[in-house]
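Here's the structure, in structure tokens; my notes come after.
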Amino acid sequence: MSIAPNSPALAALHAGAPCWLELPVTDLAAAKDFYTGLFGWRYTDDRGYAVATLDGVPVAGMPVTRALPQQYTNWTLFLHTRHARATAEKVFALGGLVLRNPSVEADHTQTTVIGDPTGGVIGFRHVPPNWRFGTTGHGAYAWAELNTRDGATADAFFRELCHFDVMQIGDGHVVDYTVWSVEGESVLGRQRMGRRSFPPTVPAHWMVYLTASPEIGADSVANRVLELGGEVAVEPYDTPYGRVTEVRDHTGSTFSVIDPSRAVPLSDDERGANVDDPYDD
């Protein structure tokens with residue numbers, strides 16, 4: 001019997017939308033114990049690659065590696081692409097870096113990992129039409145945002161690469177947050193890192209959010225992280241999108257947890273307007 005009070009929904013496979021999560025681990029057994037204790041994840045073995053599931057729906061992968069990369073967060077988010085090689089070539093043309101050359105994985109999907117011009121690392125994955133990636137259920141993917149010190153460059157790069165529509169939240173100065181949409185659906189966020197919240201040594205990085213169901217809540221998840229040997233990096237707090245806490249697992253891998261039912265609505269003044277396209281003459 002799962003501890004999850006609600007099952008994940010399947011992600012819509014729009015081009016540019018999230019389609020997978022990976023967490024590289026050095027000790028697979030310990031990682032399984034932590035996330036089973038936290039979210040009730042179960043696992044299947046796909047040719048030596050552990051696939052985490054919730055109520056039978058895949059929610060993340062755990063490749064085993066000898067050493068974890070030196071990043072602020074070790075989670076890798078993958079966006080759906082219709083052609084991994086073409087995406088990698090476009091990334092290079094737009095001034096980004098191709099960190100993992102396009103390759104065919106054991107599950108026959110095609111992947112590449114890239115660095116955007118501001119330093120954020122993200123993957124792209126070409127998946128078949130019957131691909132299953134669970135979202136919104138307790139312990140499943142909820143949201144992700146790029147934290148960067150050069151928001152304008154990031155917006156322009158991903159708008160060109162993924163054809164995102166970009167919506168400004170806040171005034172763009174004191175609060176500089178944009179929401180990226182595809183086919184009318186909000187899929188990702190971009191936050192400009194400020195000096196008070198992010199030390200100068202923290203590089204640009206993606207923050208992955210996993211869901212806390214209303215029945216359990218972000219506060220209970222934070223307490224459970226501590227019980228399992230992890231850390232609470234940021235105590236639970238309320239936002240316009242839900243109650244959020246930032247935590248680290250037993251190895252220090254960072255992620256956030258959000259309970260969307262605890263949202264504090266934005267005022268009309270805070271919603272902002274579409275970002276002006278600097279390339280639109």
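You'll find the ring centres of Trp143 and Tyr241 outside the 6.0 Å limit. The six-membered or imidazole ring of Phe164 lies near that of Trp180, with a centre-to-centre distance under 6.0 Å.
Looking only at atom types and distance, the side chain of Asp249 has a donor-acceptor partner in the side chain of Thr251 under 3.5 Å away. Judged by distance alone, the side chains of Thr178 and Asp155 do bring a donor and an acceptor atom under 3.5 Å apart. There is a side-chain donor-acceptor pair under 3.5 Å between Asn74 and Ser253. Using modelled atom types, one finds no donor on one side chain facing an acceptor on the other under 3.5 Å when comparing Tyr237 with Glu246. Residues Thr112 and Arg100 have side chains that never bring a donor and an acceptor to within less than 3.5 angstrom of each other.
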| task | Apply salt bridge (Lys or Arg N to Asp or Glu O under 4.0 Å) to the pair Arg243 and Asp259, showing each step before the final yes or no. | result | CA-CA 5 Å; Arg243 189 160 175 81; Asp259 173 3; over 6 Å; no
| said: With side chain to side chain contact (heavy atoms under 4.5 Å, CB included) as the criterion, how do Val113 and Phe78 come out once you've worked through the C-alpha distance, each side chain's angles and the decisive distance to 0.1 Å? | reply: CA-CA 8 Å; Val113 177; Phe78 286 83; 4.1 Å; yes
| Candidate pair Ile216 and His138, rule side chain to side chain contact (heavy atoms under 4.5 Å, CB included), full reasoning | CA-CA 8 Å; Ile216 294 178; His138 182 73; 3.4 Å; yes
| request: Any chance you could lay out the side chain to side chain contact (heavy atoms under 4.5 Å, CB included) test for Val182 and Asp165, step after step, and finish with the verdict? | output: CA-CA 6 Å; Val182 58; Asp165 294 320; over 6 Å; no
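Distance OG1/Thr76 to CG/Leu99: 10.0 Å, rounded to 0.5 Å. Remark: Asn147 CG to His205 NE2 distance equals 4.0 Å, nearest 0.5 Å.
Within a 6.0 Å sphere centred on CZ of Arg85, heavy atoms belonging to other residues, nucleotides or ligands number 12 at most.
For Thr239 (side chain) and Gly242 (main-chain N/O), a donor-acceptor pair under 3.5 Å exists by modelled atom type. His126 places a side-chain N or O within donor-acceptor distance of the main-chain N or O of Thr81, the cut-off being under 3.5 Å. Side chain of His83 to main chain of Ala86: a donor-acceptor pair is present (N/O by atom type, distance under 3.5 Å, no hydrogens or angles). Between the Lys90 side chain and the Glu160 main chain, a donor and an acceptor come within less than 3.5 Å of each other. The backbone N or O of Ser213 sits nowhere less than 3.5 Å from a side-chain atom of Thr211 that would complete a donor-acceptor pair.
The aromatic rings of Trp41 and Tyr35 lie parallel to each other, their planes meeting at an angle below 30°, with 60° marking the opposite boundary.
Between Gln168 and Asp176 there is a side-chain heavy-atom pair separated by less than 4.5 Å. Using a 4.5 Å heavy-atom threshold, the side chains of Arg132 and Val57 count as touching. Looking only at side-chain heavy atoms (C-beta outward), Glu145 and Arg190 stay at 4.5 Å or farther from each other.
In this structure, Val244 and Tyr209 approach most closely via the heavy-atom pair CG1-CE2, 3.8 Å.
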